[in-house]
Amino acid sequence: MENMERIKSLVGESITESNLKNVDCYVYDKFALFIQSAGFCEFAIKENHVHPSYMIIIEFGTDDFLNPPKIELKKNYYLASILSPNIPHEDKGVEFPNYYTIMIDREYFESQYSLYSKDKKVFKGDQFLVCHDILKMLHLFAFESSKNMMNAEITLECQTKLLTHWIIRSLLGENYDMRSVSTNERIGRVQTYIELHCGEDLTVSNLAMNANMSVSNFNRLFTKEVGTSPKNYLTGVRLNKAIKLLRRNDFSVSEIAVQCGFSSLSHFSAAFRKSYDMSPSDYREKYLK
């Protein structure tokens, strides 16, 4: 296996080619993807083994979870978990595994994570959600790393950074579903406008004008392209912004309501409770705990 030295640097020096006989390995420098294609990885089931790098497991929602869900699963998202370096663990052997394993170099992961948070947290199997669309990038990484194409190291370097940041953002709750981004030029432009101006007093009429369309045609096309109405999409963007501000604990709930474009605290609380089945204050308290 020509990448065995790189694999050892990420997985551990004691791993052997025989351990990986059931596994397809896609490796580039600081990032590796392992797909158990013919059975379980023999190294993974060793008792109390450790890795020098960060390990991320993405599961595909079967009844036989490798790590049973401790968080609410959502449509179009997979369950993922992360383990910091040198944390002893043992995976159960699954005859037909339904998960991908990602290993990211410790120094590289921590350098990228520090761009988002100065908290040097130790992850012990922490679970989070990751959008289905990450598989597109993982498969592209696998294709590129296995084909030896001209200038592959350039694209693999870019893919490594993109995937690492995608994972970190997902871990921090900043998920996004690429399928919700319209390929229609006018609708895509409105989506970008909403993201930038969601704290302002926006109406469907304003948005239709931005798209240079009548309100009825805009409503119909937006819903067709995005899968939800402009009004519901705007509320969703505002709530996502509110979630991030609630986690930071820098502003009062009333201030967050204003910053996110809600007409009143009661309007914000009602919309938040409808989506998350709790009040903004309860969410903040639960998150901080």
Side-chain angles (χ1 to χ4, degrees), residues 56-82 99 116-117 119 121 123-134 166-181 191 194-195 197-204 207 219 222-223 225-289:
I56 297 93
I57 292 178
I58 300 176
E59 303 189 52
F60 303 132
T62 65
D63 292 332
D64 185 22
F65 280 97
L66 183 69
N67 300 302
K70 298 177 183 177
I71 58 177
E72 181 184 356
L73 301 180
K74 295 182 180 180
K75 183 180 179 182
N76 297 331
Y77 290 89
Y78 293 126
L79 179 70
S81 57
I82 181 169
Y99 63 91
Y116 295 86
S117 173
D119 177 22
K121 184 175 179 180
F123 302 106
K124 298 181 179 180
D126 299 44
Q127 293 185 342
F128 59 100
L129 297 180
V130 61
C131 175
H132 284 184
D133 287 321
I134 196 172
W166 194 325
I167 289 168
I168 292 172
R169 287 179 174 182
S170 299
L171 179 61
L172 296 175
E174 298 185 11
N175 259 305
Y176 57 92
D177 187 342
M178 289 174 62
R179 283 169 293 188
S180 68
V181 180
Q191 287 182 280
I194 290 173
E195 294 285 347
H197 300 277
C198 66
E200 301 174 13
D201 183 19
L202 300 181
T203 65
V204 175
L207 300 176
N219 260 316
F222 191 99
T223 303
E225 286 289 315
V226 182
T228 190
S229 69
K231 183 178 179 180
N232 287 341
Y233 184 85
L234 173 59
T235 299
V237 171
R238 285 172 167 167
L239 288 174
N240 285 335
K241 180 179 179 180
I243 284 286
K244 296 172 187 177
L245 293 174
L246 287 168
R247 290 175 175 176
R248 287 169 50 185
N249 203 26
D250 294 333
F251 305 99
S252 70
V253 174
S254 297
E255 289 172 327
I256 291 173
V258 172
Q259 288 189 42
C260 295
F262 291 96
S263 58
S264 65
L265 177 58
S266 59
H267 178 209
F268 172 45
S269 297
F272 195 95
R273 187 177 291 278
K274 182 178 180 180
S275 292
Y276 298 101
D277 199 29
M278 67 178 73
S279 70
S281 298
D282 288 343
Y283 177 88
R284 168 174 276 173
E285 183 179 356
K286 183 177 179 181
Y287 179 81
L288 293 179
K289 282 183 180 179

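It should be emphasised that the depicted structure is a prediction, and the values quoted were computed from it without experimental measurement. Start at 1 with the first residue, then count along the sequence.
With rounding to the nearest 0.5 angstrom, the CG atom of Leu234 is 5.5 Å from the CG atom of Leu202. We find the CG-CD1 distance between Leu245 and Ile256 to be 5.0 Å, quoted to the nearest 0.5 Å. For the atom pair CD1 of Ile57 and OH of Tyr99, the computed distance is 6.0 Å after rounding to the nearest 0.5 Å. Here the CD-SG distance, from Gln259 to Cys198, works out to 10.0 Å after rounding to the nearest 0.5 Å. In this structure, CG on Asn240 lies 11.0 Å from OG1 on Thr235, to the nearest 0.5 angstrom. Taking OH of Tyr233 as the start and CG of Leu207 as the end, the distance is 10.5 Å to the nearest 0.5 Å.
For Lys244, the side-chain contact (heavy atoms from CB on, under 4.5 Å) criterion is met by Glu174, not counting sequence neighbours. In this structure, the salt bridge (Lys or Arg N to Asp or Glu O under 4.0 Å) partners of Lys121, at least two apart in sequence or on a different chain, are Asp126. Under the rule for a side-chain hydrogen bond (donor to acceptor under 3.5 Å, both in side chains), the partners of Glu200 that lie at least two apart in sequence or sit in another chain are His197. Under the salt bridge (Lys or Arg N to Asp or Glu O under 4.0 Å) criterion, Asp250 pairs with Arg248, sequence neighbours left out.
Other residues, nucleotides and ligands place no more than 12 heavy atoms under 6.0 Å from the NZ atom of Lys231.
Taking each heavy atom of Gly125 and Ser81 in turn, the nearest pair found is O-CB, 3.8 Å. Scanning all heavy atoms of the two residues, the minimum distance from Ser264 to Ala257 falls at O-CB, 4.3 Å. Closest approach of Glu195 and Val237 over heavy atoms only: OE2-CG2, 3.7 Å. In plain terms, the two heavy atoms of Leu129 and Glu72 that are nearest each other are CD1-O, 3.5 Å. Shortest non-hydrogen contact noted between Lys241 and Cys260 is CG-SG, 3.8 Å.
The shortest side-chain heavy-atom distance between Phe123 and Leu171 falls under the 4.5 Å cut-off. Under the 4.5 Å side-chain criterion, counting only non-hydrogen atoms from C-beta, Leu246 is in contact with Val253. Side-chain contact between Thr223 and Pro230 is present, with heavy atoms from C-beta onward closer than 4.5 Å. For the pair Tyr78/Glu59, no side-chain contact is recorded, criterion being any heavy-atom separation below 4.5 Å from C-beta on. The closest side-chain heavy-atom distance from Phe128 to Ile167 is below 4.5 Å.
Sorted by first and then second residue, the pairs that involve residues 241-265 and meet ring pair (Phe, Tyr, Trp, His ring centres under 6.0 Å), not counting sequence neighbours, are Phe262-His267, Phe262-Phe268.
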Could you pull out every donor-acceptor pair under 3.5 Å between side chains of residues 271-280 and any protein atom, sequence neighbours left out?
| residue | atom | partner | partner atom | Å |
| --- | --- | --- | --- | --- |
| Ser279 | OG | Asp282 | N | 3.1 |
| Ser279 | OG | Asp282 | OD2 | 3.2 |

